[in-house]
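Down below is the structure, laid out as structure tokens.
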Amino acid sequence: MKPMKISIRALAVLLNSGFALAQHGHGTGGNNSAASHGNMKAGSKSAPQRKTVSDQLSKNSKLSSKLQSLAGMPAQRACSGFKNVGQCVAAAHVSKNFDISFACMKADMTGQAPAQGSSCPAGSGSKSMSLGKSIQALSPKANEKPEAKKAEKQADEDIKNSNNS
């Protein structure tokens with residue numbers, strides 16, 4: 001009789017704990033199981049690490065040279081503060097296309113203060129803005145949407161061409 005009581009109690013405990021776990025989403029197939037697997041992958045050595053802008057430029061001398069000619073300063077310094085290389089290259093193209101100071105474009109897009117000696121409009125670098133908003137701020141007569149698209153296309157071509165070499 002005693003073993004039967006113990007078996008019934010054990011079964012009751014297991015069933016109740018199963019229901020409790022299912023209510024909290026910890027059962028199989030719950031949302032949390034996917035998240036925990038993702039965290040395990042992030043810590044593994046086989047997960048690809050995103051390269052920094054600086055890493056990308058140091059490994060791509062052709063793109064670095066192109067950027068230096070567009071921005072008028074070393075590529076590493078030109079792109080510091082940008083979220084990605086494409087954004088930096090597009091800003092450099094807008095600067096060249098409109099004869100706008102690259103330092104002012106960079107200040108507007110990164111939210112960093114303009115470089116010393118730059119004659120940027122008041123408010124440059126006070127907050128980060130998109131490429132189009134920066135074009136609008138620095139060259140109000142320009143049609144910012146098509147010009148931003150044009151610069152982004154130029155940047156994509158530069159990056160693609162520099163990777164094919």
Side-chain angles (χ1 to χ4, degrees), residues 24-26 29-165:
H24 293 290
H26 296 303
N31 292 338
N32 291 337
S33 63
S36 64
H37 290 293
N39 290 339
M40 289 189 320
K41 287 181 183 178
S44 73
K45 291 181 181 181
S46 64
Q49 296 293 320
R50 184 178 169 107
K51 291 181 182 177
T52 65
V53 172
S54 181
D55 289 343
Q56 290 174 327
L57 292 172
S58 65
K59 292 179 181 176
N60 192 333
S61 59
K62 187 173 181 180
L63 184 59
S64 293
S65 296
K66 177 75 173 186
L67 258 169
Q68 185 164 351
S69 70
L70 288 169
M73 64 179 73
Q76 299 283 348
R77 188 170 59 143
C79 290
S80 68
F82 281 95
K83 292 177 184 174
N84 58 58
V85 174
Q87 193 181 50
C88 178
V89 178
H93 274 289
V94 168
S95 171
K96 197 73 163 178
N97 295 348
F98 285 97
D99 198 26
I100 296 172
S101 163
F102 178 77
C104 297
M105 287 291 303
K106 179 179 176 178
D108 280 353
M109 292 181 68
T110 63
Q112 298 175 346
Q116 287 284 44
S118 302
S119 56
C120 300
S124 283
S126 60
K127 64 177 185 168
S128 61
M129 54 178 78
S130 68
L131 181 62
K133 294 280 185 192
S134 183
I135 293 169
Q136 189 176 33
L138 298 171
S139 185
K141 293 181 181 177
N143 192 348
E144 73 274 1
K145 286 183 182 179
E147 294 301 335
K149 283 191 183 284
K150 176 183 174 183
E152 288 166 352
K153 184 177 180 184
Q154 289 173 311
D156 288 343
E157 288 174 10
D158 287 345
I159 292 168
K160 180 181 171 187
N161 292 338
S162 70
N163 288 329
N164 289 339
S165 304

Sequence-distant partners of [X], side chain to side chain contact (heavy atoms under 4.5 Å, CB included), two or more places apart:
X	answer
K153	E157
K149	none
N143	P146
E152	A90, L131

Here the side chain to side chain donor-acceptor pair (under 3.5 Å) pairs for residues 94-107, sequence neighbours left out, are S80-K106, N97-Q154
Can you list the residues that meet the side-chain hydrogen bond (donor to acceptor under 3.5 Å, both in side chains) rule with [X], with sequence neighbours excluded?
X	answer
Q76	S54
S65	none
D158	H93

Are any of the side-chain heavy atoms of [X] and [Y] separated by less than 4.5 Å?
X	Y	value
L138	M105	yes
S134	V94	no
F82	S128	no
L67	C88	yes
E144	E147	no

Distance, nearest 0.5 Å, that separates [atom1] of [X] from [atom2] of [Y]:
X	Y	atom1	atom2	answer
I135	M109	CD1	CE	8.0 Å
L63	Q56	CG	CD	8.5 Å
N84	I159	CG	CD1	7.5 Å
Q68	C79	CD	SG	11.0 Å
K141	S139	NZ	OG	8.5 Å

All pairs passing disulfide bond (SG atoms under 2.5 Å apart) where residues 104-142 contributes a residue, at least two apart:
C104-C120
Over all atoms of both residues, closest heavy-atom pair of A78 and A71:
CB-CB, 4.0 Å
So which of V53, L57, T52 actually passes side chain to side chain contact (heavy atoms under 4.5 Å, CB included) with D55?
T52
